[in-house]
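I have placed the structure first, in the form of structure tokens, so that the comments after it can refer back to it.
Both ligands and their constituent atoms are indexed starting at 1 by order of listing.
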Amino acid sequence: MKILSDYSLDELYNILADYKKFRAKQIFDSIIQGKDYNETNLPKSMIDNLKSEYILKPIEIFKVLISKDGTKKYLLKLHDNNLIECVFLKQNYGNTICMSTQVGCRMGCKFCASTQNGLIRNLTPGEMLSTISIVNADNGKCTDRNFTNIVLMGSGEPFDNYDNVVKWLELITDENGFNVSERNISLSTCGLVDKIYEFAELKYNITLCISLHATDDETRKMIMPIANRYTIQEIIKALKYYISKNNRRVVFEYCLIKDTNDSFEDVKKLSVLTKGLNCHINVICLNPNGGSLKATTKKEAYAFVNKLNELGVSATLRRSQGNDIEGACGMLRAKTLKGNA
Ligand code: SAH
């Protein structure tokens, strides 16, 4: 079966050339509004024809957890019964949707629950678009846009699903659809250097975020297997190239792990690494997922950030939302698969 949301409006015009022209736009609108066939005004004969070949709504809401702070965590079921996560964060400056790019992940980062069962499969561009449609429709009128920002910080490594993510960027920024401004999209990668260079050429005005999590390669290798392939210096060089092409500030994510990457020595090394680079550091407290890694205390985390600021490094401690509902990457899915949710 093919998925209709995988196609741009122009592609739908071609696929549906046998029907009246406005039908393609009607289907495109239904995709954006998160509707299935029975919720559209399409003629029954057309629905019957399309249904045998195409899925209109590839995702259903399987479960929603609502946090005390208003954060909503969605477990979504794909048409092949795979589960993915998505988080809706209520914020004063506009709501943010945090979405997945893969079912599972093969990057193997020690602190991250998404990767515990490896990679199951990539999400298609349409499945990623429909994630947004379905969560959007659940948070207001389906004909309105009920969010401002999108962050690709859910399960999966976006640059390990490069072509589909780039096609999704085309769909989500389409003025006929959600028309999300590139500036309101953040893509987080564990640092696939070759893809950073490739992506730089596309000149998207999105915010590129890098999961750094260590200040030297040896420590990074202990928590992120990708560090065996690319060094921190190679990442920094690629980011300089990216910034030279896009003139956009990059963001480092730095998850504090007790006695691993949270010393004042690390503060100094971070300030050296980022010297002269147009960047910001988002410091995060580890959300422990049952492994051997422990979180740095809130107090120590504030001290870490203050020291960075004293050395002239732009850094903030990211407010953590939804801790009471398995807010971190892949936790809810992992629990559900184990039968504990
Ligand atoms: N694969 C991409 C995007 C997904 S992870 C990447 O590596 O960037 C996005 C971010 O989620 C990571 O940078 C990390 O900061 C955060 N994260 C994952 N597991 C976490 C945990 N247990 N506690 C805190 N943050 C976590």
Side-chain angles (χ1 to χ4, degrees), residues 71 73 84-87 89 96-119 122-123 128 131 149-162 164-165 168 185-193 195-196 199 206-214 220 223-227 229-230 232 235 238-239 250-258 260-262 279-298 301 304 315-335:
T71 304
K73 180 119 195 184
I84 53 167
E85 291 182 4
C86 182
V87 186
L89 300 118
T96 295
I97 298 181
C98 173
M99 59 173 259
S100 300
T101 53
Q102 297 180 311
V103 182
C105 181
R106 59 173 176 160
M107 293 298 128
C109 300
K110 282 262 172 15
F111 48 84
C112 183
S114 301
T115 195
Q116 280 169 1
N117 294 314
L119 175 68
N122 285 328
L123 292 181
M128 291 184 263
T131 300
N149 300 295
I150 300 178
V151 296
L152 303 185
M153 290 188 187
S155 298
E157 166 51 46
F159 281 169
D160 190 37
N161 185 16
Y162 184 86
N164 287 348
V165 166
W168 170 83
I185 300 174
S186 298
L187 181 154
S188 179
T189 174
C190 62
L192 301 187
V193 166
K195 295 296 176 193
I196 296 175
F199 191 66
I206 68 162
T207 300
L208 184 63
C209 308
I210 305 291
S211 293
L212 188 64
H213 305 322
R220 200 161 188 265
I223 50 175
M224 301 177 73
I226 193 67
R229 200 148 112 217
Y230 302 109
I232 294 175
I235 293 175
L239 291 178
V250 297
V251 172
F252 288 107
E253 286 150 281
Y254 196 90
C255 185
L256 289 175
I257 306 170
K258 194 173 173 53
T260 304
N261 63 3
D262 61 348
C279 69
H280 177 80
I281 304 181
N282 250 333
V283 178
I284 311 155
C285 286
L286 177 77
N287 199 334
N289 64 18
S292 58
L293 304 176
K294 300 277 177 280
T296 303
T297 64
K298 258 271 156 66
F304 191 92
T316 42
L317 187 66
R318 191 160 78 190
R319 194 163 61 93
S320 115
Q321 285 183 247
N323 274 352
D324 53 331
I325 53 162
E326 316 294 346
C329 236
M331 284 188 176
L332 179 59
R333 173 174 170 269
K335 270 206 168 178

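- A heavy-atom distance below 4.5 Å is not found between the side chains of Trp168 and Leu123.
- With a heavy-atom cut-off of 4.0 Å, Glu157 touches ligand 1 through backbone and side chain alike.
- Between Leu152 and Ile206, every side-chain heavy-atom pair lies at or beyond the 4.5 Å cut-off.
- For ligand 1, the atoms closer than 4.0 angstrom to any heavy atom of Cys255 are 24 (C), 25 (N).
- The side-chain heavy atoms of Phe111 and Thr260, taken from C-beta on, include no pair separated by under 4.5 Å.
- Looking at His213 against ligand 1, only its side chain comes within 4.0 Å, counting heavy atoms.
- In this structure Arg229 satisfies the salt bridge (Lys or Arg N to Asp or Glu O under 4.0 Å) test with no other residue, sequence neighbours excluded.
- For Ile210, no heavy-atom contact with ligand 1 is shorter than 4.0 Å.
- With rounding to the nearest 0.5 angstrom, the CZ atom of Arg220 is 8.0 Å from the SG atom of Cys109.
- For ligand 1 and Ile284, the ligand atoms under 4.0 Å from any heavy atom of the residue are 15 (O).
- Across Gly156, Ser188, Cys190, Ser211, heavy-atom proximity to atom 1 (N) of ligand 1 is greatest for Gly156.
- The closest side-chain donor-acceptor pair between Glu157 and Thr189 falls under 3.5 angstrom.
- Separation of atoms NZ (Lys73) and SG (Cys86) is listed at 9.0 Å; rounding is to 0.5 Å.
- Between Met107 and ligand 1 there is no heavy-atom distance shorter than 4.0 Å.
- Residue-to-ligand polar distances keep Arg318 apart from ligand 1: every N/O pair is separated by 3.5 Å or more.
- Those atoms of ligand 1 that come under 4.0 Å of a heavy atom in Gly154, given as number and element, are 4 (C).
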